[in-house]
Colleague: 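Before I ask anything, here is the structure I am working with.
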Amino acid sequence: MMSPLGKLLVIGFGPGDMEHITKRALDALSESEVIIGYNTYVDLIRPLLNGQEIVRTGMTEEVSRAQEAVRQAEMGKKVAVISSGDAGVYGMAGLVYEVLMQKGWRREDGVEVEVVPGISAIQSCASLLGAPVMHDACTISLSDHLTPWETIVKRVEAAASADFVIALYNPRSGRRTRQIVETQSILLRYRDPQTPVGLVKSAYRERQQVIVTTLEDMLNHDIGMLTTVIIGNSSTMVYDGLIVTPRGYQRKYTLDATEQALKPHQRLRTEAEPWSLGAQAGAAPAVPGPSASVAATAVAAQARPQAVAAVQGSPSAAQAGSAPASLAAEALSRLAAGGRLPDDASARWSGQTPAVSASGVGAAAGTATGGFGKPALFEVGVSPGVGNKKFTARQMALLAEIAGEDGEVEYTPDHQIVLRVPCADPEELVGRLRDERLIVMPIGDVFKVKACDFCNMEKDDAVPVAEHLQVVLGGLQAPKETSIALNGCGMACYGAVLEDIGIVYRKGGYDLFLGGKKFGRNAHAAQPVAEGIPGEQITDIVEHIIAEYKEKGHPNERFHKFFKRVGVVAGFRHEDAPATVEVNAVCGD
Ligand code: SAH
């Protein structure tokens, strides 16, 4: 039965040109008898009208506009309420429903409502910039007329820290000028100043303006009421004036290869997606392949908060050694969660080993059970010692036994042995490995301490420093995986000078090298920054470098990039290395 009442058509007409409006929006406009909207919007769609009655209102009269629309529809008219973009995105749709709800409107016997979708600014503006959205994104309106500023700040922070691409609507108006400035400074706390930013003003309208800039520089351009600001995420890049956010995790496909490492049907398997929920729920890798590396460091990560709490409760932890207090506390917790204190080093350093070990083992317990009763994958690096490169037969047998049929032991390009097994009881597993005198280290974006074998321990002067660094720094969370390498003589045959942080012992002191890049076509040696540092200072210096990097490094920023960006680390000044080949890294960097 036809309703005796009219109809409300809430129409999003897109960015504002005649080509980007939907067919349904056009039809809905022409079937309506009354058009209600903000003056500028009515002007934009004027060419589409054919004699409808027009109710024009100013910008701030949104509520009265919605009320008037409902009133006219209840009188039996077909009323179009117009919004630019999409009516459900900071548009009129919600307001219309709010007015109806307040009146006790019911779908079955009230006026009919149709919301006609339109292309929202995030989409129209993105299309002009390239493909900046692509991945998880959010919209935030900076207008604090109807939303407390405190709420907006929380949302900006949450989106920034979670690495969302962000579209800022209503970034600035004649009177609201501070919001965008505050927003930029919040974003800069979480993102690289060079993060690509797109400013699109009046997309698909007469005075369209498209600017590609950076987070740091964005305020030096015109931003107004008709601008949408799109902030890239940590992998967004600029190419030939366009902003592009990669579609996914790059390991999954290789852009410059015609032959993909993973065939389409393999790409969707859990083992090819180690970052997925399915992988973390505990599916063991059925077909482990070169690119099917499975990351499930969840155990160590989950164990940490408890361990940190346990450690911070102990007053001695904060005073431990000479590392900055937070670093020391984290080191203790990390050890608690799976690292190993070489016996004498621990005594020298904190004197609190027994208590720490005890709380740590407790903290690591019971966190490895994946969903649905399956054991989670447990992934750890194992090593016979910082300098020691020789596994005993018993250690090898133990690794083989633990790996069994379902696990794997991988030898990485970084000379590291990684053990990866489904495991319900990591505490017990770590205990067994330690009992066989293996060092157990977390994998992923952590600091790795590497050393040479000190010529079969014949040149072992620097071993205590290596062990100290391993105890204090090994396995700590890093912005990006970072190697700290110590070589025991000037031959540096284990390549310390190519690592992120290289230390080379010569009689009389330690030489320090910062910011090497070992892999890639643009690989380069680290910059020599100091020579002959006395033994009693070297660890302090390295710990301070690490503390600065941990504090100021952006997520995913490699140490050499960090050093270049900040210019000075722990007093050491960065110098540009001679230009190397330009590379578009596809794999990680
Ligand atoms: N309903 C609209 C949003 C209205 S809020 C939509 O879905 O797009 C108003 C804000 O939208 C403006 O401050 C601006 O940030 C953005 N906006 C709307 N139209 C735009 C256009 N053509 N170009 C750029 N930004 C636009």
Side-chain angles (χ1 to χ4, degrees), residues 9-22 24-25 28-29 36-45 57-63 65-66 69 80-98 115-130 132-133 137-147 152 155-156 159 165-181 183-184 197-213 218-219 221-231 243:
L9 292 146
V10 191
I11 304 169
F13 60 80
D17 68 331
M18 296 303 129
E19 305 230 301
H20 294 89
I21 182 167
T22 67
R24 178 62 198 136
L29 280 174
I36 297 188
Y38 165 51
N39 294 337
T40 314
Y41 297 164
V42 174
D43 290 340
L44 277 168
I45 57 150
T57 58
M59 185 68 158
T60 52
E61 297 148 46
E62 286 176 327
V63 177
R65 224 181 290 157
V81 184
I82 56 168
S83 282
S84 73
D86 184 280
V89 180
Y90 314 114
M92 290 297 292
L95 265 177
V96 166
Y97 276 120
E98 281 181 62
V115 178
V116 181
I119 300 176
S120 187
I122 184 173
Q123 295 151 313
S124 53
C125 296
S127 71
L128 294 168
L129 290 164
V133 175
C138 66
T139 63
I140 300 178
S141 167
L142 295 191
S143 168
D144 50 5
H145 289 311
L146 299 171
T147 311
I152 298 173
R155 290 179 185 165
V156 172
V165 170
I166 305 169
L168 298 173
Y169 283 59
N170 299 306
R172 188 182 168 144
S173 70
R175 275 186 304 162
R176 283 186 311 101
T177 53
R178 273 184 44 216
Q179 285 77 355
I180 187 71
V181 179
T183 301
Q184 182 211 31
V197 168
L199 308 174
V200 181
K201 188 172 182 179
S202 300
Y204 297 100
R205 296 187 196 169
E206 231 170 56
R207 293 193 193 85
Q208 173 179 301
Q209 200 182 74
V210 180
I211 293 167
V212 172
T213 170
M218 59 182 263
L219 296 182
H221 301 272
D222 178 24
I223 297 177
M225 282 242 292
L226 283 170
T227 308
T228 296
V229 178
I230 298 188
I231 319 275
I243 303 183

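Ligands are counted one by one from 1 in listed order, and the atoms in each one are counted from 1 as well.
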Colleague: For ligand 1, is there an N or O atom under 3.5 Å from any N or O atom of Tyr169?
Modeller: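 It does not: no N or O of Tyr169 is found under 3.5 Å from an N or O of ligand 1.
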Colleague: Side-chain contact test, heavy atoms from C-beta onward, threshold under 4.5 Å: evaluate it for His221 versus Val229 and give yes or no.
Modeller: no
Colleague: Nearest to atom 19 (N) of ligand 1 by heavy atom, His20, Gln209, Gln208, Arg205: which?
Modeller: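 Looking at heavy atoms only, the winner is Arg205.
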Colleague: Using a cut-off of 6.0 Å, state whether more than 12 heavy atoms not belonging to Arg24 lie near its atom CZ.
Modeller: yes
Colleague: Without swapping roles, check the side chain of Arg65 against the backbone of Val81 for a donor-acceptor pair under 3.5 Å.
Modeller: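 Between the backbone of Val81 and the side chain of Arg65 there is no qualifying donor-acceptor contact (under 3.5 Å).
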Colleague: With under 30° as parallel and over 60° as perpendicular, where do the rings of Tyr169 and Tyr90 fit, or are they tilted in between?
Modeller: tilted
Colleague: Heavy atoms only, cut-off 4.0 Å: how does Val200 contact ligand 1, side chain, backbone, both, or neither?
Modeller: backbone
Colleague: What's the spacing between Glu62 CD and Met92 CE if we round to 0.5 Å?
Modeller: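 Glu62 CD to Met92 CE: 6.0 Å, rounded to 0.5 Å.
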Colleague: Going by the closest heavy atom to atom 18 (C) of ligand 1, which one wins out of Ala121, Gly14, Pro15?
Modeller: Ala121
Colleague: Touching ligand 1 at all, Tyr204? Heavy atoms, strictly under 4.0 Å?
Modeller: no
Colleague: If we only count N/O pairs under 3.5 Å, is Val89 in contact with ligand 1?
Modeller: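 Indeed, backbone or side chain, Val89 has an N or O that close.
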Colleague: So is Cys125 in contact with ligand 1, going by heavy-atom distances below 4.0 Å?
Modeller: yes
Colleague: Kindly identify the option in Met225, Gln123, Arg207 whose heavy atom sits closest to atom 12 (C) of ligand 1.
Modeller: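 Going through Met225, Gln123, Arg207 one by one, Met225 has the nearest heavy atom to atom 12 (C) of ligand 1.
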Colleague: Could you check whether any heavy atom of Ser84 sits closer than 4.0 Å to an atom of ligand 1, since that is the contact criterion I want to use?
Modeller: yes
Colleague: Please list, in number order, the atoms of ligand 1 under 4.0 Å from a heavy atom of Tyr90.
Modeller: 4 (C), 5 (S)
Colleague: Would Thr228 count as being in polar contact with ligand 1, using the rule that some N or O on each side must be under 3.5 angstrom apart?
Modeller: yes
Colleague: Got a sec: does the CZ of Arg155 have more than 12 other heavy atoms crowding it under 6.0 Å?
Modeller: no
Colleague: Does the N or O separation between Thr227 and ligand 1 drop below 3.5 Å for any pair?
Modeller: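 N/O-N/O distance under 3.5 Å: yes.
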Colleague: Does any N/O atom on Ser83 come nearer than 3.5 Å to any N/O atom on ligand 1?
Modeller: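 The answer is no, given that Ser83 and ligand 1 share no N or O pair closer than 3.5 Å.
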Colleague: Give a yes/no verdict on whether any heavy atom in Pro171 is under 4.0 Å from an atom of ligand 1.
Modeller: yes
Colleague: Just go through Leu128, Asn170, Leu168 and tell me whose heavy atom is the nearest to atom 5 (S) of ligand 1.
Modeller: Asn170
Colleague: The test is side-chain contact (heavy atoms from CB on, under 4.5 Å); show your working for Ile119 and Tyr204 and say whether it passes.
Modeller: CA-CA 11 Å; Ile119 300 176; Tyr204 297 100; over 6 Å; no
